[in-house]
Peer 1: 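Just dropping this structure here.
Start at 1 and go down the list; that is how both ligands and their atoms are numbered. Values in this document were obtained by computation on a predicted structure and should not be read as measured data.
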Amino acid sequence: MKVTVTSSSGKEIIKGGLELADSATVADLQEAIHKRTKKYYPSRQRLTLPLQPGSKEKPIVLHYKKSLKDYTDGNAGNLTVVFKDLGPQVSYPILFFWEYLGPLIIYPIFYFLPVYQFFGYKGERVIYPVQTYALYAWCFHYFKRIMETFFVHRFSHATSPLSNVFRNCAYYWTFGAYIAYYVNHPLYTPVSDLQMKIGFGLAVVCQIANFYCHILLRNLRGSGSGGYQIPRGFLFNIVTCANYTTEIYQWLGFNIATQTVAGYVFLVVAASIMTNWALAKHRRLKRTSLLAVVTMRTLLSERRILSDLGLNQTTSVFLHALSCCFSWTLITRHMHILSDCIGSIDKSRRIESNDIDVDKLFDGKEGRPKYPRRWVILPPFL
Ligand SMILES: NC(=O)c1ccc[n+]([C@@H]2O[C@H](COP(=O)([O-])OP(=O)(O)OC[C@H]3O[C@@H](n4cnc5c(N)ncnc54)[C@H](OP(=O)(O)O)[C@@H]3O)[C@@H](O)[C@H]2O)c1
């Protein structure tokens, strides 16, 4: 198969194109581009199908696991792809490791070392218990996040632009230093014992809950798959982004106990960032469900046709499996929701009698599932 690689302006990136086996995958093509260009390793490459001139549609992005044949549109001998350089990339665990390492190191510097002498405070520094507990809470939080990055999260994207390392480190490292400076300050005034206990108590409970939320998110993806599903169980039955909710409340607990303006500024900034992300995630999950309904419609009409043709269930399952192979990405993304739908539909046995109304798929009536109504991030406000 001959593959022509062009830029978005139509200029050929690899002179003469590339000759690849008919069975080649997109990953093989990316490797071949890397071999020829040396500079553009696979995760730096974004390959799309060319658009018609003047088209306003979003281009189709080639998935590295798919066969090139899937994109040839009947013309199996030739394929033209549009190449975009995404710039230097860094893996997600490395990105997160560097952004969390900063606060983990910077905070104890303010607690243990005589840094305040450089700010003009020469006297003896009294360390209150709340400052020591705050150090433990802070370090545990960032240590936990590094551990989760390497051992819990299953990221859908392998890499992120290198520039994000600098942006994210600036955010976490600066806030780390800002909060550490005030909480460990020689003129720091501690809160009451009761307030400290309530604050740290809330923070500990939220840390545990946040960890459990991350385990539930991890379980949504088998190793290797990267789709999105509606999280279920524990706080996810109430809030779409329960991991962000618990993160926000853990910082609220920390601030109740330590009570600094710096800490509350961080809480407001972090909460607004997470709220924006949560709104986007909530929208995406709702779309996922809509897509699942569309897929279900296709599935149901397919079954109806088969039934009209007098074909049996086994043939139906075989043909469905075949269609799954062609829409693999869609099906894996919605497998969980689909299985829910299929389960309840099969239970009601109405599918066999062909009188199911797909518009009522998520109406919650007569044993049918109800579309989960959830808060986005901060019940009872949002
Ligand atoms: N203090 C702050 O400013 C701040 C800001 C943000 C986050 N955080 C903390 O850091 C933690 C991780 O942040 P994050 O933004 O990476 O969290 P996240 O997007 O909610 O995801 C955590 C992991 O779960 C996966 N995931 C999320 N929703 C999923 C779904 N519906 N189906 C399948 N997998 C799903 C994500 O995959 P993908 O790779 O596809 O995303 C990621 O691997 C948060 O929970 C929070 O505790 C703190």
Peer 1: What do you reckon, are the aromatic ring centroids of Phe96 and Phe150 less than 6.0 Å apart?
Peer 2: no
Peer 1: Can the ring centres of Trp138 and Trp251 be said to be less than 6.0 Å apart?
Peer 2: yes
Peer 1: Does the ring center of His153 lie less than 6.0 Å from the ring center of Phe155?
Peer 2: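 His153 vs Phe155: aromatic centres under 6.0 Å.
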Peer 1: Under a 4.0 Å N-O cut-off, is there an ion pair linking Glu99 with Arg167?
Peer 2: no
Peer 1: Judged by non-hydrogen atoms, does Tyr92 sit under 4.0 Å from ligand 1?
Peer 2: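 Tyr92: no contact with ligand 1 (<4.0 Å).
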Peer 1: Could you list which atoms of ligand 1 come closer than 4.0 Å to a heavy atom of Tyr228?
Peer 2: 29 (C), 30 (C), 31 (N), 32 (N), 38 (P), 40 (O), 41 (O)
Peer 1: Contact between Lys281 and ligand 1, counting heavy atoms under 4.0 Å?
Peer 2: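 Lys281 counts as a contact of ligand 1 under the 4.0 Å cut-off.
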Peer 1: Which of the atoms in ligand 1, numbered in the order shown and given with their element, are less than 4.0 Å from a heavy-atom of Leu220?
Peer 2: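 What qualifies from ligand 1 is 30 (C), 32 (N), 33 (C).
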Peer 1: Side chain, backbone, both or neither: which part of Phe236 comes within less than 4.0 Å of ligand 1 when only heavy atoms are counted?
Peer 2: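 Neither part.
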Peer 1: Tell me if the aromatic rings of Tyr107 and Tyr142 count as close, with their centers under 6.0 Å from one another.
Peer 2: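 Between Tyr107 and Tyr142, the centre distance exceeds or equals 6.0 Å.
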Peer 1: Any N/O of Arg154 closer than 3.5 Å to an N/O of ligand 1?
Peer 2: yes
Peer 1: Please determine if Asp22 and Lys69 form a salt bridge, counting it only when a charged side-chain N lies under 4.0 Å from a carboxylate O.
Peer 2: no
Peer 1: Taking the six-membered ring for Trp, is the centroid-to-centroid distance between Phe266 and Tyr178 below 6.0 Å?
Peer 2: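 Centroid separation for Phe266 and Tyr178: 6.0 Å or greater.
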Peer 1: Decide whether the shortest distance between a heavy atom of Asn210 and an atom of ligand 1 is less than 4.0 Å.
Peer 2: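 Judged by the 4.0 Å heavy-atom criterion, Asn210 does count as contacting ligand 1.
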Peer 1: Which residue from His141, Glu247, Arg218, Gln250 reaches closest to atom 46 (C) of ligand 1 through any of its heavy atoms?
Peer 2: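 Closest candidate by heavy-atom distance is Glu247.
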Peer 1: Looking at Glu148 and Lys144, does any basic side-chain N land under 4.0 Å from a carboxylate oxygen?
Peer 2: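 Salt bridge flag = yes for Lys144 with Glu148.
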Peer 1: Indicate yes or no: does an N/O atom of His153 lie under 3.5 Å from an N/O atom of ligand 1?
Peer 2: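 In this structure, His153 places no N or O atom under 3.5 Å from an N or O of ligand 1.
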Peer 1: Taking only heavy atoms of Ala270, which atoms of ligand 1 are found under 4.0 Å from at least one of them?
Peer 2: 1 (N), 2 (C), 3 (O)
Peer 1: I'd like the name of whichever of Arg284, His214, Met274 reaches closest to atom 11 (C) of ligand 1 through any heavy atom.
Peer 2: His214
Peer 1: Return a yes/no value for Tyr244: is any of its N or O atoms, backbone included, closer than 3.5 angstrom to an N or O of ligand 1?
Peer 2: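 The answer is yes, given that Tyr244 and ligand 1 share an N or O pair closer than 3.5 Å.
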Peer 1: If you count the atoms of ligand 1 from 1 in the order shown, which ones are under 4.0 Å from a heavy atom of Gln229?
Peer 2: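 What qualifies from ligand 1 is 30 (C), 31 (N), 32 (N).
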Peer 1: Centres of the Tyr172 and Tyr100 rings: under 6.0 Å?
Peer 2: yes
